[in-house]
Amino acid sequence: MTASLAALSPVGHRVAPTLSASVSASETASRELVGVRGVTKTFGAGVSSFNALEGVSVSIKRNEFFTLLGPSGCGKTTLLRLLAGFDQPTSGQILLDGDDIAGLPPNKRPVNTVFQSYALFPHLTVEQNVEFGLVQQGVQREARQRTVERMLQLVRLDHIAKRKPNQLSGGQQQRVALARALAPQPRILLLDEPLSALDFKLRRGMQVELERIQRETGISFVLVTHDQEEALSMSDRIAVMDAGRILQVGNSTEIYERPNCRFVADFIGEANLFPGSAVGWVSPYVAVRPERVVLAIHKQSMPISLPGTVKEISYLGATTAFTIELTDGSVVKSQRNDAPQGLDSGSTVWCSVHPEHIIELEG
Amino acid sequence: MMLAPAQNLSQRQRRRALALVAPALLMIGVFMLVPMGIAMVYSFLTPDSFGGVAPPVTVESYIRFFFDRDLDDTLRFDPTYLQIFWRSIFQAVLTTLACIVIAVPFAWYMATRGETTRKILVLLVSIPFWTNMLVRTYCWVLLLRDEGLINMGLQAVGITQQPITFLYSDAAILIGLIYASLPFMILPVYGTLEKVDFRVVEAAFDLYASRISILRKVIFPLAMPGIAAGTLLVFIPTLGAFLQPDILGGGKKLMIGSLIQQQFTSSRDWAFGSALAVILMAAVLASLIWAALKRERMEQLG
């Protein structure tokens with residue numbers, strides 16, 4: 001139903017992003033905005049060449065907060081640079097609204113970037129920084145001033161419009177970079193580890209801000225990060241990447257509750273990994289989250305209940321983390337708040353898991 | 001009562017600060033103010049018959065700069081020296097502009113290379129300093145003369161049949177001046193651009209700027225402090241240059257530097273030479289103050 005509505009609506013094809021969030025999410029969300037189709041990016045040549053991306057395909061929807069998550073060197077920044085136009089794919093297509101934009105330079109794409117180091121123009125004021133893209137687009141002076149004012153209000157910096165970047169704190173610079181990239185109203189906003197330079201508290205605040213701004217502008221955000229907590233808390237959908245490939249795409253719950261491989265299970269949160277055969281399972285590997293490992297003094301009536309010795313205990317406030325060595329020598333982590341009282345290093349405990357908490361992994 | 005100790009302290013601090021800047025002040029005093037003072041004093045004296053200066057005190061040297069004294073002792077306005085001044089300023093402006101045009105892209109290229117390449121390029125730019133300027137200027141004679149390398153090359157390739165006369169022209173002087181000044185523009189501009197985060201260029205490119213806009217709106221303003229420093233380092237020495245006009249220009253057209261040099265050597269008129277130097281200094285100082293004021297006003301406006 002929603003798909004047919006979007007197809008019928010004349011505005012559904014080219015919805016201008018607005019600040020009033022008037023874009024109906026249900027009308028457009030089903031439509032693909034960006035299509036990455038079998039993209040490979042090779043750096044270098046001959047023996048020293050290496051593939052930063054290998055046959056990556058992913059689809060980013062309208063009005064979506066999409067995150068590329070992975071360790072450094074996984075290819076997430078390369079993919080972002082391909083979307084921005086700073087690099088060209090070696091093979092494959094990048095579609096925006098169905099048109100291949102792989103050959104377009106950055107200044108011809110309705111895509112803007114928030115850089116990791118912010119890259120503000122040091123010789124321009126906050127206002128002039130935000131105005132830059134609009135000037136280059138040839139927007140009239142009055143319209144420009146209105147947009148700049150609105151953008152600075154959006155990021156709550158209207159009181160320091162006349163300052164230069166070197167007079168701002170890291171968090172303020174971050175907001176200017178955001179306002180500057182949003183001002184030309186791009187179809188997609190790319191964010192390259194935008195919060196990594198901020199301290200913990202500021203980062204939390206900015207995460208909430210980013211979510212708010214994404215909702216208010218209705219622009220699709222593509223965030224690159226190596227911080228899984230950040231990814232889980234902010235994103236509509238996450239693509240987990242490793243070694244130039246996308247391993248899994250899904251929303252936060254899917255990625256955390258149902259990882260499809262050892263890498264995702266281990267990278268997102270903590271996981272106890274076993275070969276399937278070790279716990280009598282058919283899949284090649286299984287994972288169990290530490291908060292799903294129940295500790296007890298006696299054997300439990302669960303299909304999996306194994307004895308072990310407590311090696312380490314760390315009290316974390318809300319929960320306590322245990323490291324337990326099973327009789328076969330493998331190590332299990334448990335993190336709960338209902339462990340038996342009086343456990344100590346060297347105590348014998350039974351580690352038990354409900355079958356529905358066993359995550360089957362294919363590889 | 002309460003203020004007294006604080007005042008003492010600040011006075012002591014002031015004395016200490018004065019002691020700390022004293023060496024710098026002494027250097028400026030001995031090596032800048034004293035020579036300038038001597039030139040100033042000489043310019044108001046009369047040349048004596050042995051090539052030095054002697055009383056009486058007179059403004060004759062300054063009058064000579066603007067006027068010609070007829071046989072009947074009447075003063076007639078004579079623009080000869082002013083024309084020499086004007087020619088020199090024109091040459092210096094051209095040289096400075098040419099240096100900016102060449103140096104900014106060059107310095108940008110240098111600043112965006114890897115660290116090793118950057119070090120090699122800085123070394124290459126500074127290598128000419130290892131050889132005496134006189135020798136290097138004569139090398140340009142060897143290159144530019146009718147039987148020189150450039151003409152031989154052009155004829156060997158068949159582009160020209162007859163040698164082109166490059167030497168002893170304004171163009172030859174200009175080439176020599178640009179060649180001599182270029183490192184003084186490249187190095188400060190490079191020093192400024194080296195500190196620039198290259199990502200601002202990507203940011204501008206991302207924000208719909210064309211390549212020309214990036215150069216005009218981002219790279220050029222960021223290079224501005226270096227260009228300003230380079231302009232001082234190029235413009236002032238070029239204004240007083242005499243090697244290139246003499247050797248490459250054949251001394252046919254007098255430049256202010258050659259004129260002053262002549263007064264102290266062949267003409268043995270130290271008073272007039274000093275007066276010329278003082279006028280030149282005043283002109284440079286005035287233009288610097290004007291530029292500084294203009295810049296201040298520009299900054300206030302926007």
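So that the names make sense, note that chain A is the first sequence line, chain B the second, and so on, each numbered from 1.
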Which bit of [X] comes within less than 4.5 Å of chain B, counting heavy atoms only: side chain, backbone, both or neither?
X: A:Leu124; value: neither
X: A:Arg109; value: backbone
X: A:Val135; value: side chain

Solution key, residues 213-236 of chain B side-chain donor-acceptor pairs under 3.5 Å, sequence neighbours excluded:
unit_1	atom_1	unit_2	atom_2	d
B:Ser213	OG	A:Gln136	OE1	3.2
B:Ser213	OG	B:Ser210	OG	3.2
B:Thr231	OG1	B:Ile227	O	2.7

Study note, to complete from the structure: Interatomic distance, CG@A:Asp192 vs CZ@B:Arg199, rounded to 0.5 Å, equals 7.0 Å

Practice item. To the nearest 0.5 angstrom, please state how far the OH atom of B:Tyr208 sits from the CG atom of A:Leu134. Key: 9.0 Å

Check your understanding: So which residues of residues 113-127 of chain B are in contact with chain A at a heavy-atom cut-off of under 4.5 Å?
Key ->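 Expected list: none.
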
**Study point:** Close contacts, residues 181-198 of chain B versus chain A, judged by heavy atoms under 4.5 Å
**Key:**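 So the qualifying residues are B:Asp197.
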
Check your understanding: B:Val200 versus A:Phe115: any side-chain heavy-atom pair under 4.5 Å?
Key ->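 No, their side chains stay 4.5 Å or more apart.
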
Review point. If we only count heavy atoms from C-beta on, is the B:Leu207 to A:Phe121 side-chain gap below 4.5 Å?
Key: yes

Check your understanding: Looking at residues at least two apart in the chain, or sitting in another chain, which of them share a side chain to side chain contact (heavy atoms under 4.5 Å, CB included) with A:Pro89?
Key ->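 So A:Pro89 forms a side chain to side chain contact (heavy atoms under 4.5 Å, CB included) with A:Val39, A:Leu82, A:Ile94, A:Ala102.
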
Identify the heavy atoms of [X] and [Y] that sit nearest to each other, and give their distance.
X: B:Ala209; Y: A:Phe132; result: CB-CE2, 3.9 Å
X: A:Ala119; Y: B:Ala203; result: O-CB, 3.8 Å
X: A:Thr113; Y: B:Asp206; result: N-OD2, 2.6 Å

Can you establish whether the number of heavy atoms outside [X] located under 6.0 Å from its atom [atom1] is more than 12?
X: B:Leu149; atom1: CG; answer: no
X: B:Phe129; atom1: CZ; answer: yes
X: A:Phe43; atom1: CZ; answer: yes

Review point. For B:Phe205, does its backbone N or O pair with a side-chain atom of A:Asn107 as donor and acceptor, under 3.5 Å?
Key: no

